[in-house]
2 protein chains.
Amino acid sequence: MINADKKRTQILEAATRRFAHFGLAKTTMSEIAQDLSFSKALLYYYFPDKNALYAAVLEHVIAQSFEEMEKQLSSISDCQQAMMFMLDKRIAFVTKYYNLLENSISAVQQIPDEMACVLADSKDKEIALIRDILQKGVDTGQLVIEDVQETAEIILFALVGMRFSILKDLKGVLFPTKDEFDHILQLQKKMVTVFLKGLASPSH
Amino acid sequence: MINADKKRTQILEAATRRFAHFGLAKTTMSEIAQDLSFSKALLYYYFPDKNALYAAVLEHVIAQSFEEMEKQLSSISDCQQAMMFMLDKRIAFVTKYYNLLENSISAVQQIPDEMACVLADSKDKEIALIRDILQKGVDTGQLVIEDVQETAEIILFALVGMRFSILKDLKGVLFPTKDEFDHILQLQKKMVTVFLKGLASPSH
DNA sequence: ATTTTGACTAATTTTTTCAATTATTCAAAT
DNA sequence: ATTTGAATAATTGAAAAAATTAGTCAAAAT
């Protein structure tokens, strides 16, 4: 029982390493099994198929990141500060898991339902996170916002889109460098700062 | 001479119709020639190759749109109004020429140098357009901006990215509808409005 | 009973080949 | 200088073959 869970976790971790480095297509179930000296069949004992394993990995790293972020965010009361913190963490996450996310990032191709679901969830949670930051700003009188949900959506669209636009401009670059992610972060911070100023209560 | 230019223009126009409707891949040189009852070889007398013709079409429609926009923009002094006008025109352009731009829009694939060049130019011009609107706002005392060029870039990145993010969410949709473009426009306007408010001079 | 495996099959991807389409050239005609 | 028909070169698409990988299962191990 406890041992079974351990095996499952081991598989998840090995899969995370492989997927995070090589992506879905360039990782085989055999390789993951070999990394652990397990038989390939064992992977199928714990996970129904490759997509499910990949989705589990995705879900795991996303959940981990959210958990950490929410914990740390709770101790920041200023919403400008909170937003900057979130941007830092967001970029750190994307930088670390860029290859894992490549499928979800590069549009075009169809994403299997299982992953689409995880990603949709993740998007909702991210909007909720931004919404909570904004709401705190409204509650403390720092901000004046008519529709907090929509405003959070606009901010997320702009952030995701900004990252995409900048990375697209770097055409021919298979793997963006740390510097390029830093550049994105810098512009995102400036944008959000101006945006928050635009939402600021006149009395402040 | 004058007749030769006319032929060139005819070819450009016929190519525009085909490319705008079917895109680069689904349009053949023979079809363009047939539309005009010219021989296919004549197209090669006026344009070195298919990519060059496509790039010329792209350049032409972009230049036309810019020209019209600049003319009309010159008579708008309020920068909020100017920005909204620009957003309207931008979306109208993308809606009209969506198929023509599909290559440039869908990332991933390599864009031939000739087109990349036209698109890079177009991007620079667009930034310049936004910069000029912002600069007017600074000059009239409506806005306070430290780095106008960078701010213009941020706005463009956010706009382009926003469009991309929203269209990506509509996965499986080959041709976005008018309504979907309107939704993009609506969110873009809200974003830019808040952003401009964030740049507004305190005295206003 | 649960967990694990090797050997097997099914599905998918990659490679190769070949026919058909399409881009491009060019010598000759206008 | 402009235009064309006829030819060649390049590209694409479909089909077949080969190779890799996903997924299954009966039996072994714990």
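Both backbone and side-chain heavy atoms feed into the values below; hydrogens, waters and symmetry mates do not. The model shown is predicted, which means the values in this text are computed figures rather than measured ones. Within every chain, numbering begins at 1; the chains are lettered A, B, ... in the order of the sequence lines, protein sequences first and strands thereafter.
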N/O (side chain, [X]) to phosphate O (OP1/OP2, [N]) under 4.0 Å:
X: B:Lys7; N: D:dT3; value: yes
X: A:Tyr45; N: C:dT4; value: no
X: A:Tyr46; N: C:dT4; value: yes

Whole-Å gap separating [atom2] ([N]) and [atom1] ([X]):
X: B:Tyr44; N: D:dT8; atom1: OH; atom2: C1'; result: 13 Å
X: B:Lys50; N: D:dA9; atom1: NZ; atom2: P; result: 21 Å
X: B:Leu43; N: C:dT25; atom1: CG; atom2: P; result: 13 Å
X: B:Arg8; N: D:dA1; atom1: CZ; atom2: P; result: 17 Å
X: B:Asn51; N: C:dT24; atom1: CG; atom2: C1'; result: 13 Å
X: B:Leu24; N: D:dT12; atom1: CG; atom2: C1'; result: 13 Å
X: B:Met29; N: D:dT4; atom1: CE; atom2: P; result: 14 Å
X: A:Lys26; N: C:dT12; atom1: NZ; atom2: C1'; result: 14 Å

Fill in the blank from the handout: Taken in chain and number order and not counting sequence neighbours, the residues that satisfy ring pair (Phe, Tyr, Trp, His ring centres under 6.0 Å) with A:Phe66 are none
Handout entry: B:Tyr97: ring pair (Phe, Tyr, Trp, His ring centres under 6.0 Å) partners, not counting sequence neighbours
Key = B:Phe93
Problem - Partners meeting salt bridge (charged side-chain N to carboxylate O under 4.0 Å, His left out) with A:Lys178 (sequence neighbours left out) - result: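 Testing A:Lys178 for salt bridge (charged side-chain N to carboxylate O under 4.0 Å, His left out), a comparison that skips the adjacent residues, returns A:Asp182.
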Practice task
Sequence neighbours left out, what passes salt bridge (charged side-chain N to carboxylate O under 4.0 Å, His left out) with B:Asp88? Give chain and number order.
Solution key: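 B:Lys189.
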Problem - Min side-chain heavy-atom separation A:Lys190-B:Asp147 under 4.5 Å - result: no
Problem - Between A:Tyr54 and A:Phe19, ring centroids under 6.0 Å - result: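 Yes, the ring centres sit under 6.0 Å apart.
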Exercise for the section: Return the residues of residues 33-42 of chain A meeting this criterion: a heavy atom under 4.0 Å from some atom of DNA chain D. Order them by number, or give none. Expected result: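 Heavy-atom contacts with DNA chain D come from A:Lys40, A:Ala41.
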Which donor-acceptor pairs under 3.5 Å do the side chains of residues 25-36 of chain A make with protein atoms, sequence neighbours left out?
{"unit_1": "A:Thr27", "atom_1": "OG1", "unit_2": "A:Arg18", "atom_2": "O", "d": "3.4"}
{"unit_1": "A:Thr27", "atom_1": "OG1", "unit_2": "A:Gly23", "atom_2": "O", "d": "2.8"}
{"unit_1": "A:Thr28", "atom_1": "OG1", "unit_2": "A:Glu31", "atom_2": "N", "d": "3.1"}
{"unit_1": "A:Glu31", "atom_1": "OE1", "unit_2": "A:Thr28", "atom_2": "N", "d": "3.0"}
{"unit_1": "A:Asp35", "atom_1": "OD1", "unit_2": "A:Arg18", "atom_2": "NH2", "d": "3.0"}
{"unit_1": "A:Asp35", "atom_1": "OD2", "unit_2": "A:Arg18", "atom_2": "NE", "d": "2.6"}
{"unit_1": "A:Asp35", "atom_1": "OD2", "unit_2": "A:Arg18", "atom_2": "NH2", "d": "3.4"}

